[in-house]
2 protein chains.
Amino acid sequence: MRVSSKAHYGLRMMTEFAKAYGGGPLSIAEVARVEHLPLAYLEQLASQLRRGGLVESTRGVHGGYSLTRPADQISVLDVVTVIEGEVSPVECVSHGYVTGTCQREGECASRGLWVRLKKSIDAVLSQTTLAELVADQSLIDSMAPVSPEPMR
Amino acid sequence: MRVSSKAHYGLRMMTEFAKAYGGGPLSIAEVARVEHLPLAYLEQLASQLRRGGLVESTRGVHGGYSLTRPADQISVLDVVTVIEGEVSPVECVSHGYVTGTCQREGECASRGLWVRLKKSIDAVLSQTTLAELVADQSLIDSMAPVSPEPMR
DNA sequence: AGAATCCCGACTGTCATGGTCAGAATTATA
DNA sequence: TATAATTCTGACCATGACAGTCGGGATTCT
């Protein structure tokens, strides 16, 4: 029961895009710099996010990525779903599940549990938007003006 | 965000032990038979469950496993935790997390989200006990008397 | 003694994760 | 127009988890 660090990276990248929203596109080189994430890997993730319709790209010199809609209209669930696929604790409660695939379908008592679990996860992840994450972060920043860290 | 089929198997096995609770121990051979799961694999899982303190074993001819406490005192979370380890969406919200491991700790705005997610998952999984799963199942069974299936 | 059972460690194949790399295509700007 | 900055793509790779199998040992009932 864990979210991949892939999705985690994707989310961090998305919050950077969210911060830059309104201005020009933000390059992944910049994201890699401020988030200390491997650039080549971010490239892959950014492509996925674009194909998932969450960001759009601009190529060339002052290119980069920008959100396709305001940060308060993109939930964490959107991001996680694009990167990890549908969040679903077991196959039989996912959207594309074909009835009858599981032979125990009729006699299975735990399916109700998994449905509840999925709903619960979906609820938490869809309630939080990128805008809120960014707001929280600027709150943190303003409260704790830190001295420049040596970092590593 | 998915629960391994390992944990799923473990849960199925535990519901069988729950059904047999009060009588003698139940062998994994029997579990394998009624749940159609690979015996050799169940052996491993059963060992884990025993080491996790959820079941105790009896060796020899009429041996097997039985729950160490009544089924209404064992939650699904107990089972999943023993088999998969602590359920935690990201490392930084797990119990054994050492403060400072993550360099972004101070500036991280999403940690609150992960904490909420973990709590939410824990809540769902700890609210359901083996006793309830068994009750649901017998409900299903009584409602839908099925003809013996050829199965496979 | 023999059968049923748990116990344990070693082994294996497949797949997702978490990357790296090389190079092609596109675009701004000096 | 050349060049630098960027995205785009596909191939590659190492590691570890997952899902199992196997062989044999230890224990206990009958």
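In what follows, every chain begins at residue 1, and chains take the letters A, B, ... in the order their sequences are listed.
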Do the side chains of A:E30 and A:R33 get close enough for a salt bridge, i.e. N-O under 4.0 angstrom?
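Yes, A:E30 and A:R33 are salt-bridged.
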How does each nucleotide of nucleotides 19-30 of chain C score, in 5' to 3' order, for protein heavy atoms under 4.0 Å: base (B), sugar-phosphate only (S), or none (-)?
BB----BBBBS-
Between B:S47 and A:K6, which is nearer to the 5' end of DNA chain C once each is assigned its nearest nucleotide?
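Its nucleotide being nearer the 5' end, the pick is B:S47.
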What is the separation between atom [atom1] on [X] and atom [atom2] on [N], rounded to the nearest whole Å?
X     : N      : atom1 : atom2 : value
A:L26 : D:dT7  : CG    : P     : 9 Å
B:L37 : D:dA19 : CG    : P     : 12 Å
B:I28 : D:dT21 : CD1   : C1'   : 14 Å
B:E56 : D:dT28 : CD    : C1'   : 16 Å
B:Q48 : C:dC8  : CD    : P     : 12 Å
B:L42 : C:dT5  : CG    : P     : 14 Å
A:Y65 : D:dA5  : OH    : C1'   : 13 Å
A:L45 : D:dT7  : CG    : C1'   : 14 Å

Using a 4.5 Å cut-off on heavy atoms from C-beta on, say whether the side chain of B:L130 contacts that of B:L11.
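They are in contact (side-chain heavy atoms under 4.5 Å apart), so the answer is yes.
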Any non-hydrogen side-chain atom of B:M13 less than 4.5 Å from a side-chain atom of B:E35?
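Result no, sub-4.5 Å side-chain heavy-atom pair not found.
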Check the pair A:S75, A:D78 against side-chain hydrogen bond (donor to acceptor under 3.5 Å, both in side chains), reporting the backbone distance first and the verdict last.
CA-CA 5 Å; A:S75 71; A:D78 292 331; 3.2 Å; yes
If the condition is salt bridge (charged side-chain N to carboxylate O under 4.0 Å, His left out), which residues does B:K19 pass it with, not counting sequence neighbours?
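With sequence neighbours excluded, B:K19 shows a salt bridge (charged side-chain N to carboxylate O under 4.0 Å, His left out) to B:E16, given in chain and number order.
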At under 4.0 Å, does any side-chain N or O of B:R50 touch on OP1 or OP2 of C:dC8?
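Yes.
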With a cut-off of less than 4.0 Å, is there a side-chain N or O of B:R51 near OP1 or OP2 of C:dC6?
no
Does B:V134 share a hydrophobic cluster with B:M14, counting links as ILVMFWY side-chain heavy atoms below 4.5 Å and allowing steps through other members?
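In one cluster with B:V134: B:M14, no.
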Checking contacts here: which listed nucleotide (D:dT7, C:dC7, C:dG18) is nearest the side-chain heavy atoms of B:S57?
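That would be C:dC7.
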Fit a plane to each ring of B:F17 and B:Y65, take the angle between them on a 0 to 90° scale, and name the class: parallel (under 30°), tilted (30 to 60°) or perpendicular (over 60°).
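Tilted.
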